[in-house]
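Working notes, beginning with the structure itself.
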Amino acid sequence: MQPKYPSDSVTTLTDLVLPGETNPLNNLFGGELLARMDRAASIAARRHSRRITVTASVNHVAFNRAIPLGSVVTVEAKVSRTFNSSMEIFIDVWTEDRESGIRTKANEAIYTFVAVDETGRPVPVPPIEPQTELEKERYEAALRRKQLSLVLAGKMKASEATELKALFAE
Ligand SMILES: CC(C)(COP(=O)(O)OP(=O)(O)OC[C@H]1O[C@@H](n2cnc3c(N)ncnc32)[C@H](O)[C@@H]1OP(=O)(O)O)[C@@H](O)C(=O)NCCC(=O)NCCS
């Protein structure tokens with residue numbers, strides 16, 4: 001399969017925070033943001049693989065900044081690394097100042113998607129070649145995150161997680 005670039009899968013969703021989507025502090029409800037990130041990540045995974053894709057795991061979410069009612073929120077997702085059938089998707093969340101238009105990073109997340117056939121069986125996806133420094137950094141660390149996710153899900157023995165062991169040995 002022909003390799004693809006992370007830029008081939010970039011998916012940007014921009015939307016407002018409306019009253020039905022907030023918590024009692026009038027900030028965006030976490031579950032609403034998770035859904036927006038899942039949608040963007042799903043499209044990015046589909047753009048990379050051109051297959052049906054399903055969420056296999058939410059590896060990491062950091063709700064660093066509250067996002068107030070009325071904010072314009074942009075969710076940017078792109079594939080950071082592929083393995084055989086699975087893809088790591090990195091998601092950056094930005095808010096936009098109404099007057100200046102300046103964007104501030106609010107949150108980030110990492111999801112794993114798997115490409116499947118019509119019967120739900122995993123199928124291979126094209127490899128990926130990171131281009132920018134940030135893409136290379138995210139690519140390098142992705143195997144470690146995959147192993148951690150598999151260990152936490154009980155799908156890999158900790159003793160087999162070579163990248164994690166190397167991390168703690170440093
Ligand atoms: C995700 C799913 C297809 C994996 O199927 P499976 O039978 O476990 O298949 P495999 O063990 O071959 O795993 C397929 C790939 O997913 C990866 N994977 C599975 N669970 C994972 C996890 N928790 N974290 C990271 N990667 C995971 C495997 O490492 C493998 O990757 P690779 O092919 O790139 O090496 C299957 O569990 C599924 O359909 N889950 C439901 C998905 C869904 O409905 N999501 C929406 C939730 S409402």
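Predicted model only: the values in this text are computed from it and were never measured. We count ligands from 1, going down the list as the structure has it; atoms in each ligand are counted the same way. Throughout, residue positions are numbered sequentially from 1 according to the sequence presented.
- When only non-hydrogen protein atoms are considered, atom 14 (C) of ligand 1 lies nearest to Ser85 OG, 3.5 Å.
- A cation-pi contact links Lys146 to Phe83, judged by a cut-off of 6.0 Å to the six-membered ring centre and 45° from its axis.
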Discussion item. Pair Ile128, Tyr5 - check side chain to side chain contact (heavy atoms under 4.5 Å, CB included), show working.
Written reply: CA-CA 5 Å; Ile128 195 159; Tyr5 303 123; 5.8 Å; no
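- Interatomic distance, Met156 CE to Leu164 CG, rounded to the nearest 0.5 Å: 8.5 Å.
- Remark: minimum distance from atom 10 (P) of ligand 1 to any protein heavy atom is reached at Pro122 CG, 4.4 Å.
- Of all the heavy atoms of Asn84, the ones lying under 4.0 Å from any atom of ligand 1 are found in both the backbone and the side chain.
- What sits closest to atom 25 (C) of ligand 1 on the protein, heavy atoms only, is Ser149 OG, 3.4 Å.
- Residue Ser57 approaches ligand 1 through these ligand atoms, each under 4.0 Å from one of its heavy atoms: 22 (C), 23 (N), 24 (N).
- One finds a salt bridge joining Arg138 and Asp92 here, because a Lys/Arg side-chain nitrogen approaches an Asp/Glu carboxylate oxygen to under 4.0 Å.
- One finds the CD atom of Glu163 at 4.5 Å from the CG atom of Leu143 (value rounded to the nearest 0.5 Å).
- In this structure, the protein non-hydrogen atom closest to atom 16 (O) of ligand 1 is Val114 CG2, 3.2 Å.
- Between the CE atom of Met1 and the OG1 atom of Thr82 there is a distance of 9.0 Å, given to the nearest 0.5 Å.
- Closer than 4.0 Å to atom 22 (C) of ligand 1 lies at least one heavy atom of the protein.
- In this structure, the protein non-hydrogen atom closest to atom 20 (N) of ligand 1 is Lys155 NZ, 3.0 Å.
- In this structure, atom 1 (C) of ligand 1 is in close contact with the protein, since a protein heavy atom lies within 4.0 Å of it.
- Judged purely by distance below 3.5 Å, without hydrogens or angles, the side chains of Gln147 and Thr162 pair a donor atom with an acceptor atom.
- Of all heavy-atom pairs between Pro126 and His48, the closest is O-NE2, 2.7 Å.
- Looking at Ser86 against ligand 1, both its backbone and its side chain come within 4.0 Å, counting heavy atoms.
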Fill in: Full working for side chain to side chain contact (heavy atoms under 4.5 Å, CB included) between Thr11 and Ile89
CA-CA 11 Å; Thr11 302; Ile89 320 289; over 6 Å; no
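- The closest protein non-hydrogen atom to atom 45 (N) of ligand 1 is Thr55 O, 2.9 Å.
- In this structure, atom 31 (O) of ligand 1 is in close contact with the protein, since a protein heavy atom lies within 4.0 Å of it.
- With hydrogens left out, the protein atom closest to atom 38 (C) of ligand 1 is Val54 CG2, 4.7 Å, a heavy atom.
- Counting only heavy atoms, the protein never gets under 4.0 Å from atom 7 (O) of ligand 1.
- Using a distance-only test at 3.5 Å, with no hydrogens or angles considered, a donor-acceptor pair links the side chain of Arg47 to the main chain of Val10.
- Within a 4.0 Å radius of atom 48 (S) of ligand 1, the protein has no heavy atom.
- Residues Lys78 and Glu135 are paired through a salt bridge, judged by an N-O separation under 4.0 Å between the basic side chain and the carboxylate.
- Within ligand 1, counting atoms from 1 as listed, the ones closer than 4.0 Å to a heavy atom of Ala153 are 23 (N).
- Atom 17 (C) of ligand 1 has as its closest protein heavy atom Lys146 NZ, 3.8 Å.
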